Each structure stands twice: as structure tokens, then as C-alpha cells.
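Below is one structure, written out as C-alpha cells, with a few remarks after it.
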Amino acid sequence: MHRDRRGHAGFTLIELLVVIAIVGVLVGLTLAAVQRVRAAAARVACANNLKQIGLAFHQHHDLHGVLPSNGGWDDRQKIRAVDGTWITVTVQDATLSFAWVLGVGEPNRTPRDQTGSWAYALLPFLEQQAMYDRRAWTEPFKIYHCPSRRAPRAQLPQNDVYGDYNGGGWAWGKTDYAANTYAVPNRPNCLSFARFTDGTSHTLLCGEKAMSPANYETGTWYWDEPFFVGGAGGTHRGKGFLAGEGSAVVRDDPGMGFSYRYNWGSAHPGGAQFVLADGAVQSIAYGTDAAVVSALLTPAGGEVVAEPW
């Protein structure tokens with residue numbers, strides 16, 4: 001008896017659908033794994049940025065005996081605009097009737113006289129002496145950017161619903177990190193670690209600032225002023241005027257509206273990252289009790305904060 005040894009010439013429809021379903025599941029699992037790896041890598045890179053920033057704060061303190069301030073205008077400083085005219089750098093908040101005049105980083109000033117922010121003052125301690133000396137505010141600095149948010153690039157200021165900004169027609173480098181306003185106040189106040197009586201391991205020095213993803217690349221200066229300017233909210237977080245402002249840790253969300261002012265946050269899953277005054281990098285979970293965050297912000301508040309936070 002003759003037996004037909006030929007196999008199937010192809011898949012049945014059901015077999016094909018099963019194969020497609022399996023491939024789809026595998027692709028989904030692979031993409032999810034890749035995204036998790038990328039998110040983890042971005043988080044590690046961000047933590048490394050903060051670690052280097054923390055070391056730079058300590059080197060500044062070792063050299064000058066104090067931490068830098070957040071800078072501020074000295075009532076006379078001007079810079080040349082792109083067209084050659086002399087201007088003051090300003091932010092006009094849409095809700096206010098006056099403009100904030102901001103200082104711009106300038107070399108060879110003492111820490112208490114420095115008009116630029118802490119991020120400008122730390123440049124020589126982050127191997128950026130040339131940027132510091134040349135006042136190269138049109139250059140971005142990779143260490144000041146969290147890779148989960150945006151690429152390091154200078155941005156032209158763009159007026160928007162939040163306010164009007166005069167940057168002289170220049171593109172300016174930004175930062176995703178802010179100093180703790182209680183530890184790094186505006187010019188001319190500079191603190192030493194000796195005043196951190198709560199302990200350097202229980203005081204936040206610098207961390208990821210709350211932002212809306214809708215504003216990452218728009219050029220707005222609203223609570224995102226460049227790191228070369230001093231006295232601005234873009235390099236500061238921690239002290240608000242309304243109850244709860246400055247002590248919230250929130251995840252970046254396009255629907256945040258104005259709620260990111262003064263507050264801390266990031267694009268990472270789980271929480272935002274901070275460098276403590278002792279140089280250690282710590283993550284604080286979203287939604288952490290505001291009283292705990294407030295206690296970690298004050299260098300000499302006398303609060304007792306139990307770990308883990």
C-alpha cells in the first residue's frame with residue numbers, strides 16, 4: 001500500500017494567527033524590557049550628574065569656606081544683546097505688574113558678590129573653567145541635564161502665557177536641577193556647612209526640579225531660567241508663599257499647569273533624586289509627606305527625620 005509522506009504545504013489560518021499572537025507578545029515584552037533598561041540607565045546617569053554637582057559644591061566650600069549663593073542682580077549689571085545694545089536680563093511674570101531683573105554670571109567675583117547662579121559658580125569645579133571665564137551662556141552643559149527629560153541644548157527664550165522674557169536675543173543653556181533655597185539662598189547670602197546643625201546627611205542640597213513636559217523644549221523661562229542667570233526660580237526650589245509649595249515631590253505631567261512652581265520632581269518612575277549636603281545621592285518617592293521634605297530642606301530647623309524617608 002502506498003503511503004503519502006508529504007507534509008503540510010503551509011500553515012492553517014489558525015496556526016498563522018497563533019504565530020502572529022506569539023510574535024506580538026514577544027515584541028511587546030522586548031520593547032517593555034528595552035524601555036525599562038533605558039529608564040534605569042537614564043536614572044543612573046542622572047544620579048551621577050547629581051553626585052558630581054555635590055562634589056563641586058564641596059570643592060567650592062573647601063576653597064572659599066562657603067557654598068555659592070543662587071546669585072542675583074547687583075542693581076547695575078548689563079550685558080550686550082545680539083544686536084549690540086546693552087540690556088538687563090528680565091522675566092515679566094504674567095501675573096505680576098513688574099519685571100524681575102536677573103543677574104548674569106561673571107568671573108572674578110567673590111562668592112557673596114557673584115551675580116550668576118550656583119550652577120554658574122560651580123563650573124570651574126566641573127572642569128568647565130573656559131565656559132566660566134568666557135561667559136559662554138549659549139553653550140549647554142550635559143551634567144546639568146537629566147537624560148529622561150531633554151537633550152543638552154541651548155534654547156532661545158520664547159514669550160508665552162506665563163510671561164515675557166528678555167534674554168538679549170541669545171540662546172541660553174538650561175538646567176534640570178535646582179538648589180535648595182534654604183541651603184543656597186540668593187545673593188549675597190552664602191552659608192557654610194557649620195550652619196547645617198541638622199546634619200549634612202539630613203539636609204538636601206540640590207535635586208531635580210518639578211517641570212511640565214509640555215515646557216521641556218518650548219523656550220519658556222517660567223521657573224526654567226538659564227543656569228547662567230542668578231536670583232531666578234529656574235535654579236531654585238523649596239520655599240513657596242502658599243501652603244505646601246516647595247515641599248512637594250511630584251512626577252512630571254503635561255497637566256501640571258502652574259503647580260510645579262517651587263516644587264521638586266522628575267520624569268523617573270518612583271521618585272526624584274537629590275544630593276544631600278554630605279554628598280550622598282538619595283531618591284525621594286513621589287507623594288512623600290510634605291513635613292518630611294520640609295524637614296530635609298531646613299539646614300538648622302531642629303526637626304528629627306526618621307529613615308527611610
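Here the structure is a predicted model, which means the values were calculated and not measured. Hydrogens, waters and symmetry mates play no part in the numbers below; they use all other heavy atoms, side chains included. For the single chain, residues carry numbers from 1 onward in sequence order.
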Closest non-hydrogen atom pair, Phe125 against Ala56: CB-CB, 3.8 Å
Ring centre gap for Phe57 and Trp118 strictly below 6.0 Å: yes
Hphob cluster co-occupancy, Leu123 + Leu55, side-chain heavy atoms under 4.5 angstrom: no
Criterion side chain to side chain contact (heavy atoms under 4.5 Å, CB included) against Lys78, the qualifying member of Thr88, Val101, Val89: Thr88
Exam field: side chain Ser266 to backbone Asp252, donor-acceptor pair closer than 3.5 Å: no
Main-chain N/O of Ala42 paired to His268 side chain as donor or acceptor, under 3.5 Å: no
Beyond-backbone contact of Cys146 with Cys46, side-chain heavy atoms, under 4.5 angstrom: yes
Gap separating the CD atom of Gln114 from the CG atom of Asp74, nearest 0.5 angstrom: 10.0 Å
Stepwise side chain to side chain contact (heavy atoms under 4.5 Å, CB included) check, Trp264 with Leu204: CA-CA 11 Å; Trp264 308 90; Leu204 301 177; 5.6 Å; no
Backbone of Gly167 reached by a side-chain donor or acceptor of Trp172 within 3.5 Å: yes
Asn215 and Tyr260: side chain donor to acceptor below 3.5 Å: yes
Ring geometry between Tyr162 and Tyr222 (parallel below 30°, tilted from 30 to 60°, perpendicular above 60°): parallel
Trace of the salt bridge (charged side-chain N to carboxylate O under 4.0 Å, His left out) decision for Arg134 with Glu139: CA-CA 11 Å; Arg134 292 188 290 108; Glu139 297 180 13; 3.0 Å; yes
Shortest non-hydrogen separation from Ser201 to Asp278 and the atoms involved: CB-OD2, 3.3 Å
Distance (rounded to the nearest 0.5 Å) between Gln155 CD and Glu217 CD: 5.0 Å
Thr235: which of Asn70, Asp224, Thr181 passes side chain to side chain donor-acceptor pair (under 3.5 Å): Asn70
Heavy-atom side-chain contact between Thr115 and Val104 under 4.5 Å: no
Cys206 and Val275, any side-chain heavy atoms less than 4.5 Å apart: yes
Which atom of Asn186 lies closest to which atom of Gly231, heavy atoms considered: OD1-CA, 3.7 Å
Stepwise ring pair (Phe, Tyr, Trp, His ring centres under 6.0 Å) test for Phe98 and Trp100: CA-CA 7 Å; Phe98 60 92; Trp100 292 98; 5.5 Å; yes
Asp198 (side chain) donor-acceptor with Gly301 (main chain) under 3.5 angstrom: yes
Where Ala154 and Gly173 come nearest, the two heavy atoms and their spacing: CB-N, 4.1 Å
Steps toward salt bridge (charged side-chain N to carboxylate O under 4.0 Å, His left out) verdict (Arg187, Asp113): CA-CA 7 Å; Arg187 175 185 181 274; Asp113 192 41; 2.8 Å; yes
Euclidean distance, Leu50 CG relative to Ile143 CD1, rounded to 0.5 Å: 10.5 Å
Arg135 vs Pro107 side-chain heavy atoms within contact, under 4.5 Å: yes
Parallel, tilted or perpendicular: ring planes of Phe228 versus Trp137, cut at 30 and 60 degrees: perpendicular
Point-to-point distance, once rounded to the nearest 0.5 Å, from CD of Glu208 to CZ of Phe274: 7.5 Å
Ser283-Arg43 side chain donor-acceptor pair, cut-off 3.5 Å: yes
Chi angles and distances behind the side chain to side chain contact (heavy atoms under 4.5 Å, CB included) call for Ile87, Asn166: CA-CA 8 Å; Ile87 60 114; Asn166 183 13; 4.1 Å; yes
hydrophobic_cluster_shared for Val229 and Leu156, side chain cutoff 4.5 Å: no
Gln158 CD to Asp164 CG distance, which is reported to the nearest 0.5 Å: 11.5 Å
Distance-only polar pair, side chains of Gln77 and Glu106, donor-acceptor under 3.5 Å: yes
Side-chain (Arg150) to main-chain (Tyr216) donor-acceptor, under 3.5 angstrom: yes
hydrophobic_cluster_shared for Val66 and Phe196, side chain cutoff 4.5 Å: no
Over 12 non-hydrogen atoms of neighbours within 6.0 angstrom of CG in Leu96: yes
Least distance between heavy atoms, Ala267 atom then Arg251 atom: O-NH2, 3.4 Å
Shortest non-hydrogen contact between Ala47 and Val281, atoms and distance: O-CG2, 3.7 Å
Spacing of Thr203 atom OG1 and Arg195 atom CZ [to the nearest 0.5 Å]: 12.5 Å
Step-by-step side chain to side chain contact (heavy atoms under 4.5 Å, CB included) determination, Asp289 to Val293: CA-CA 7 Å; Asp289 190 328; Val293 179; over 6 Å; no
Leu122 vs Ile53 side-chain heavy atoms within contact, under 4.5 Å: yes
Step-by-step salt bridge (charged side-chain N to carboxylate O under 4.0 Å, His left out) determination, Asp93 to Arg261: CA-CA 12 Å; Asp93 191 312; Arg261 299 180 305 173; 5.4 Å; no
Atom CG of Asn108: over 12 foreign heavy atoms under 6.0 Å: no
Transitive ILVMFWY side-chain link Phe227 to Leu67, under 4.5 Å: yes
Side chain Asn263, main chain Gly246, donor-acceptor under 3.5 Å: yes
Short side-chain to backbone donor-acceptor contact, Thr288 and Ile284, under 3.5 Å: no
Any donor-acceptor pair under 3.5 Å from Trp170 side chain to Arg80 backbone: yes
Heavy-atom donor-acceptor pair, Tyr120 side chain to Tyr132 backbone, under 3.5 Å: yes
Intermediate values then yes/no, side chain to side chain contact (heavy atoms under 4.5 Å, CB included), Leu276 and Leu205: CA-CA 5 Å; Leu276 295 161; Leu205 190 57; over 6 Å; no
Test item: side-chain donor near acceptor, Asp160 and Thr220, under 3.5 Å: yes
Flag, side chain of Arg149 to backbone of His145, donor-acceptor distance under 3.5 Å: no
Side-chain H-bond candidate by donor/acceptor type, Tyr262 with Ser247, under 3.5 Å: no
Of all pairs that satisfy side-chain hydrogen bond (donor to acceptor under 3.5 Å, both in side chains), the ones with a partner from residues 46-67, not counting sequence neighbours: Asn49-Tyr177
Shared hydrophobic cluster for Trp73 and Val184 (ILVMFWY, side-chain gaps under 4.5 Å): no
